[in-house]
Visitor: 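Before I ask anything, let me first share the structure, which is written out below as structure tokens.
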Number of protein chains: 2
Amino acid sequence: MHCFFNPRSIAVIGATPKTFKGGYSIIKNLILTFKGRLYPVNPQYAEIEGIPCFPSIADIPESIDLVILFIAAAMVPDTLEQCARKGVGGIMIESGGFAETDEKGKNVQEAISEFVKRTGIRVWGPNCMGLVDGIRGYVFSFTDPKVLPAFLLPGPVSLIVQSGMLSAGFVVDILSHGITGFSKVCSIGNKADINESDVLAYLLDDPDTRSVGLYLESFIDGRRFLDLCRSSDKPVIVLKGGKSSKGAQAAISHTASLAGNYRVASGALAQAGAYEAKDFKQLVDFCRTLALNPPRRGNSRGRIAVITFSGASGIVCSDFMEEQYLTVADLSEETKIRLGRLYPEWMPVANPVDIWPAIEQHSGTDLNIYNLAIEAVLDDPGVDAVIVHSFAGHSRIRLDLDEISRQSSSSGKPVFLWLLGNQEVVFQAQKKARDLGLLVFQELYRAVECLSILFQRPGTTPPLREKQAAPAGKSRQPSADVSSLLEKAEGPQDERISKSILHSFGIPIVEETLIRDLSQVEAAAAQLGFPVVMKGLQPGLVHKTEQGLVELNIGNLQAAQESFERLMNKMNGRGSVLLQKQIQGGAELILGAIRDPQFGPCVMIGIGGVLANLIADTVFAVAPLEREEALDAIGRLRTRQIFDGFRGAKPVDRNIIASLMIALGDVMIRYPRIREIDINPLLVSGDNAVAVDATVVLKQPDSNKG
Amino acid sequence: MHCFFNPRSIAVIGATPKTFKGGYSIIKNLILTFKGRLYPVNPQYAEIEGIPCFPSIADIPESIDLVILFIAAAMVPDTLEQCARKGVGGIMIESGGFAETDEKGKNVQEAISEFVKRTGIRVWGPNCMGLVDGIRGYVFSFTDPKVLPAFLLPGPVSLIVQSGMLSAGFVVDILSHGITGFSKVCSIGNKADINESDVLAYLLDDPDTRSVGLYLESFIDGRRFLDLCRSSDKPVIVLKGGKSSKGAQAAISHTASLAGNYRVASGALAQAGAYEAKDFKQLVDFCRTLALNPPRRGNSRGRIAVITFSGASGIVCSDFMEEQYLTVADLSEETKIRLGRLYPEWMPVANPVDIWPAIEQHSGTDLNIYNLAIEAVLDDPGVDAVIVHSFAGHSRIRLDLDEISRQSSSSGKPVFLWLLGNQEVVFQAQKKARDLGLLVFQELYRAVECLSILFQRPGTTPPLREKQAAPAGKSRQPSADVSSLLEKAEGPQDERISKSILHSFGIPIVEETLIRDLSQVEAAAAQLGFPVVMKGLQPGLVHKTEQGLVELNIGNLQAAQESFERLMNKMNGRGSVLLQKQIQGGAELILGAIRDPQFGPCVMIGIGGVLANLIADTVFAVAPLEREEALDAIGRLRTRQIFDGFRGAKPVDRNIIASLMIALGDVMIRYPRIREIDINPLLVSGDNAVAVDATVVLKQPDSNKG
């Protein structure tokens with residue numbers, strides 16, 4: 001990849017002197033920014049912008065590290081061959097007209113992939129805006145040469161984007177607003193060869209890059225991407241485009257219907273310790289926050305001191321902190337005494353620290369109350385970070401930014417600034433703060449949100465590839481019956497069969513008996529004990545509740561017999577009835593597994609019951625799972641408090657749930673013919689779990705997709 | 001109030017030539033902005049800034065509409081008397097040192113209130129930054145005279161704020177960033193007399209004000225505030241500071257514990273048709289959005305066309321729209337044909353409309369593709385509004401803002417702009433758009449959020465005061481026993497008594513029998529039929545579940561007898577056991593009522609069950625309730641879909657729930673000794689509702705708070 005990021009020589013095929021064309025912008029940007037040797041290639045011109053132009057790449061009298069193509073798609077295959085003959089290092093195709101357009105374009109893109117396989121020469125693009133490097137000051141892009149080169153600035157943030165806008169207009173926005181500089185901005189386009197993981201791997205090793213932000217609509221190789229995130233401490237932040245559930249595949253199980261395009265990706269990213277952003281500028285704000293401040297693991301809730309000039313912004317800031325799982329720090333007595341010395345007598349010291357009365361008290365003196373207050377709270381061992389609110393009036397802000405930068409560095413604690421006021425003054429302060437490595441925000445909520453992510457990184461776990469597969473001895477071997485079923489059966493299996501499959505893998509299932517005749521009810525019920533549950537089973541039918549085929553709380557024999565007849569009537573006599581012990585109490589969960597096209601076998605854990613379906617409180621994780629990962633996933637459920645013995649219930653041992661998640665992931669890996677598993681509900685109480693209903697979906701009859 | 005907003009003459013008591021003092025800033029701001037007659041008052045000076053200064057207000061040779069005070073608190077009472085003798089119109093006290101400081105300050109503030117009662121002269125403040133009027137160009141504030149007057153600009157938005165920052169530094173921020181101009185900005189400080197409702201009443205009648213935004217930490221008279229919101233079509237947007245639940249009063253019932261400081265206010269505001277904002281700049285964005293665009297009632301989901309230059313921002317915008325309950329409009333065939341004419345052949349037309357290929361196709365021509373595309377989608381009857389994404393490059397944006405403004409006006413449909421790129425160009429475009437009445441946003445999410453509120457205003461209902469109290473004939477009269485209980489009993493009543501009270505008001509309760517002896521179990525259970533529920537009752541004990549005193553699903557006599565003995569043992573033989581029919585299925589709700597210190601009697605409806613406690617899906621509404629309001633409140637539950645026959649369950653008739661909410665509100669109004677009511681659970685299925693457990697809390701023994 002190095003020839004893309006640090007070439008000594010570049011040839012631009014399709015260079016032109018026509019200023020409104022991309023082939024001009026590329027060469028012009030290179031002239032303005034690239035310090036190596038530059039070769040325009042175009043048979044129509046002898047020189048472009050004063051640089052000699054070559055009729056073809058073969059005519060260039062030296063070796064070429066990087067070729068940038070900006071030519072019609074139809075000309076690309078021949079040109080690639082010329083590049084191969086020349087022995088170039090790498091090829092970046094920036095022009096469009098490939099898979100994003102029509103059938104013809106798709107074919108050309110396939111030819112590119114074939115070329116890469118055959119020659120081993122890496123291709124970046126097509127249909128992309130290439131690379132912008134703020135450290136070396138390079139612009140390898142057809143973005144307007146009158147704009148970006150003038151704003152280019154080094155910084156610790158790198159971006160990988162599946163969108164031209166995000167590497168052009170958006171980067172100009174961020175740079176010209178003085179928000180941050182960049183290390184690399186990589187527009188990867190159609191990913192015919194080089195994809196997000198290739199570039200991520202490079203940037204995770206790049207010493208100039210301290211955090212990587214990605215905008216992606218899809219993952220070419222989800223598992224490799226996760227492995228990369230896990231292999232590095234460098235923060236990775238992803239904005240996933242296309243969260244809408246419309247495109248979800250036709251799902252049989254409940255688990256699959258909850259998966260969609262986005263929920264699996266979201267769970268997998270959290271599992272790998274990556275962060276998520278939801279808007280473009282928020283992505284950059286998260287990137288610059290994490291680039292400049294290592295995440296604070298270990299503290300589950302950051303203890304924050306707020307230095308403000310306004311009671312209102314202190315209060316609203318506290319509201320945001322509560323919402324974002326941060327704590328308003330309890331200041332030590334010593335800190336209170338130090339702050340109290342600055343205050344008028346009537347003013348009690350509290351956090352948020354409203355310093356306006358202190359500023360008024362000392363107006364006309366040389367004391368910088370802001371800096372004194374910041375120092376006092378930074379010295380407090382009960383304070384993990386500080387948010388400072390300030391405003392810009394006529395010509396200056398009241399903050400000594402140099403001093404704050406020193407205070408933050410020497411204490412090792414982040415100091416975030418929320419500035420408002422006169423635009424020009426705020427803008428200048430923001431740029432100065434940026435140069436000092438301080439973070440300035442213009443919306444208070446964003447400041448708190450960014451502080452919050454420092455304290456909330458999910459624990460990272462070892463890369464998938466290094467993980468041990470479950471040792472064979474530990475995994476249960478299914479019975480011959482189940483093995484044969486798993487080889488031959490197709491589609492969704494009924495509750496009884498599904499549970500027998502799961503039981504053979506060690507999943508505990510509810511006590512139950514299948515009955516086909518009224519006369520069997522009495523003995524079966526006597527054996528299980530009332531109250532019981534009765535369910536009508538029909539081949540191929542998955543959603544029994546919706547069909548009225550589940551009857552609960554049957555308290556005596558007569559009621560049981562009536563239920564049996566009612567269920568058989570509903571099924572027109574075809575089918576059978578499953579009689580089960582009614583389980584009392586416990587938390588109702590849903591546990592499932594699917595195969596995701598991007599991330600492979602995944603396990604889902606969720607809170608069950610009708611309500612849970614509405615709030616969709618579920619978390620996906622990529623199999624195989626280690627115990628810690630399973631516990632992490634459980635800990636990301638929004639209503640996880642239900643496990644803690646809420647309202648007098650017995651607390652649930654999360655290890656039991658984790659074990660079942662691990663087992664299900666293991667089963668999915670060992671048996672590729674299993675397409676989906678749905679255990680719904682799984683009732684859990686104390687250290688006891690039991691699958692009450694379940695569906696196993698095997699490879700579909702009419703599909704090769706498995 | 002008019003003398004505060006449009007005085008002909010102003011006296012400033014405490015005026016001074018010392019430029020670092022508030023008394024200077026006030027007079028300087030008036031010199032710069034006020035066109036009426038101006039009288040500095042200070043015995044130490046003969047003139048200030050070239051204007052004659054008077055030793056006291058009595059010495060001014062003409063009548064005074066408005067006095068602005070900036071003097072030490074201790075001097076205020078005497079000065080007020082001088083003002084009364086002079087016969088001034090109104091008094092604005094901007095200096096601090098009152099109830100916000102110490103006991104002495106509190107006493108002075110009480111003296112101010114007493115003065116107002118005695119003289120009828122209205123007082124604004126103290127401890128406030130007064131008034132800024134963008135239409136008349138007035139600054140009645142001690143904000144820095146070098147800043148605000150230079151930026152002042154008329155606009156349709158008015159603010160009422162309980163914070164100096166929001167009427168000074170914040171207003172400078174909004175104005176200098178070119179976001180919007182203002183009509184009035186009113187800083188109301190300590191509200192010794194004039195409060196948010198007084199100012200709101202004035203602004204709702206002010207023809208220059210088209211929306212009112214408020215920052216409030218408390219409501220002086222919650223019911224009057226709600227009535228004002230309901231009395232006008234003018235949008236009211238509230239940012240409530242202090243949402244944290246820490247300060248909630250010690251609550252007995254579950255309902256009261258859920259109320260806190262914020263949840264009641266939030267429900268009441270929605271009920272009155274007011275909007276909520278959560279951050280400061282978001283408040284202004286909502287205000288300017290609603291000032292320029294009447295809310296679109298009737299359409300539950302706005303159908304939005306997106307015109308973009310980037311596939312990525314189209315996708316992310318669609319994700320946001322789905323999250324914000326907006327619809328990506330289905331474009332008509334005609335619209336697609338019109339757009340198709342602009343496109344290259346290979347490009348299919350879809351919404352979001354990515355027009356970059358069209359712009360490239362026509363580059364070098366005079367066609368403004370943006371305007372053509374905007375016109376095409378505005379002409380589509382299936383489009384309610386448009387979001388346009390654009391970026392600024394070298395020196396201009398590609399949008400003809402004048403034309404877009406005309407297009408939006410003539411179609412009557414909002415066109416929102418998301419602009420990014422070169423800061424200076426974006427800034428100029430934003431200011432031009434502001435002058436044309438177009439809305440520009442710099443974060444995509446905010447643009448979608450603002451568009452969303454246009455389509456989501458809760459239906460407004462008649463003012464509380466105009467509402468009919470329930471006619472006496474319709475209200476159930478309680479039995480003599482219950483009447484006596486309501487007069488004499490105190491504190492929380494046990495389940496059996498609570499339900500008998502509620503039953504007497506027409507609330508349906510579960511069939512049940514109280515038993516004290518093992519021998520009574522058989523007959524009682526036989527009468528109700530198995531399965532049954534048994535609960536241990538002890539005087540004063542409210543949380544039975546947490547004490548293990550509730551046993552469910554008891555299927556037969558032996559189990560019932562065992563339950564009885566177990567419960568009696570747990571209660572050490574003291575207490576009794578309630579035997580109830582076990583209700584099968586149905587949605588589990590919580591219905592309650594409280595008295596809120598700011599809003600009076602309120603009803604709460606919520607989704608019940610253990611999970612619901614964790615997600616706190618509840619809505620409060622102020623009593624008395626009309627049917628439509630009750631249904632509205634039910635419709636604001638996040639998991640309301642549970643009523644729609646989710647997963648094969650019988651759909652619930654929301655009218656049944658609404659009737660019970662109305663009844664509960666009525667009871668709270670008729671019986672002031674009832675402090676809290678908690679029906680938890682209320683089981684609802686089809687058109688049948690039954691209270692399974694309930695607590696009525698009467699006036700507490702040791703409290704006069706009722």
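A, B, ... follow the sequence lines: proteins, then strands. Residue 1 opens every chain. Remember, it's a predicted structure, so these values are computed and weren't measured experimentally.
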Visitor: Considering all heavy atoms of both residues, which atom of Y445(A) and which atom of D279(B) are nearest to each other, and what is their separation?
Guide: N-OD2, 2.9 Å

Visitor: Please determine, among S313(A), G164(A), S163(A), the option with the most heavy-atom pairs under 4.5 Å with chain B.
Guide: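 So the answer, after comparing S313(A), G164(A), S163(A), is S313(A).
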
Visitor: Would you check, one step at a time, whether the test side-chain contact (heavy atoms from CB on, under 4.5 Å) holds for K240(A) with D319(B)?
Guide: CA-CA 10 Å; K240(A) 169 77 176 70; D319(B) 288 344; over 6 Å; no

Visitor: Would you say that F391(B) contacts D173(A) through its side chain, given a criterion of any heavy-atom pair below 4.5 Å between the two side chains?
Guide: no

Visitor: How about F427(A) and F427(B): do any of their side-chain heavy atoms sit closer than 4.5 Å?
Guide: no

Visitor: Can E323(B) and K243(A) be counted as an ion pair, charged N to O under 4.0 angstrom?
Guide: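 The answer is no: the pair does not qualify as a salt bridge.
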
Visitor: Which heavy atom in E100(A) sits nearest to a heavy atom in W346(B), and how many Å separate them?
Guide: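 Scanning both residues, the minimum pair turns out to be O-CZ3, 3.7 Å.
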
Visitor: Taking all atoms of both residues into account, what is the closest heavy-atom pair of E217(B) and A312(A), and its distance?
Guide: OE2-CA, 3.8 Å

Visitor: Heavy atoms only, distances under 4.5 angstrom: which of K278(B), M321(B), E103(B) has the most pairs with chain A? Name it, please.
Guide: K278(B)

Visitor: Heavy-atom cut-off 4.5 Å, strictly under: side chain, backbone, both or neither for K104(B) against chain A?
Guide: neither

Visitor: Among N553(A), T143(A), I607(A), which residue forms the greatest number of heavy-atom pairs with chain B at distances under 4.5 Å?
Guide: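 Option with the greatest count: N553(A).
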
Visitor: Below 4.5 Å from any heavy atom of chain B, which atoms of F170(A) appear? Answer side chain, backbone, both or neither.
Guide: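 Both backbone and side chain of F170(A) come within 4.5 Å of chain B.
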
Visitor: Before you tell me yes or no, could you show the steps for L420(B) and M165(A) under side-chain contact (heavy atoms from CB on, under 4.5 Å), namely the whole-Å CA-CA distance, both residues' side-chain angles and the distance that decides it to 0.1 Å?
Guide: CA-CA 10 Å; L420(B) 85 174; M165(A) 176 273 281; 4.3 Å; yes

Visitor: F151(B), F530(B), F20(B), W356(B): which one forms the most heavy-atom pairs within less than 4.5 Å of chain A?
Guide: F151(B)

Visitor: As a quick check of understanding, evaluate side-chain contact (heavy atoms from CB on, under 4.5 Å) for H177(A) and Q442(B), giving each step before the final call.
Guide: CA-CA 11 Å; H177(A) 283 78; Q442(B) 286 185 37; 3.5 Å; yes

Visitor: Distance check, rounded to the nearest 0.5 Å: L444(A) atom CG versus Q282(B) atom CD?
Guide: 12.0 Å

Visitor: Within the structure provided, determine whether R446(A) and E443(B) are in side-chain contact (heavy-atom separation under 4.5 Å).
Guide: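 Sidechains of E443(B) and R446(A): in contact.
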
Visitor: For each of G105(A), A587(A), G169(A), tally heavy-atom pairs with chain B at distances under 4.5 Å, and name the one with the top tally.
Guide: G169(A)

Visitor: For a quick test of reading the model, state the closest non-hydrogen atom pair linking V172(B) to N422(A) and the distance between them.
Guide: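 Taking every non-hydrogen atom into account, CG1-N, 3.5 Å.
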
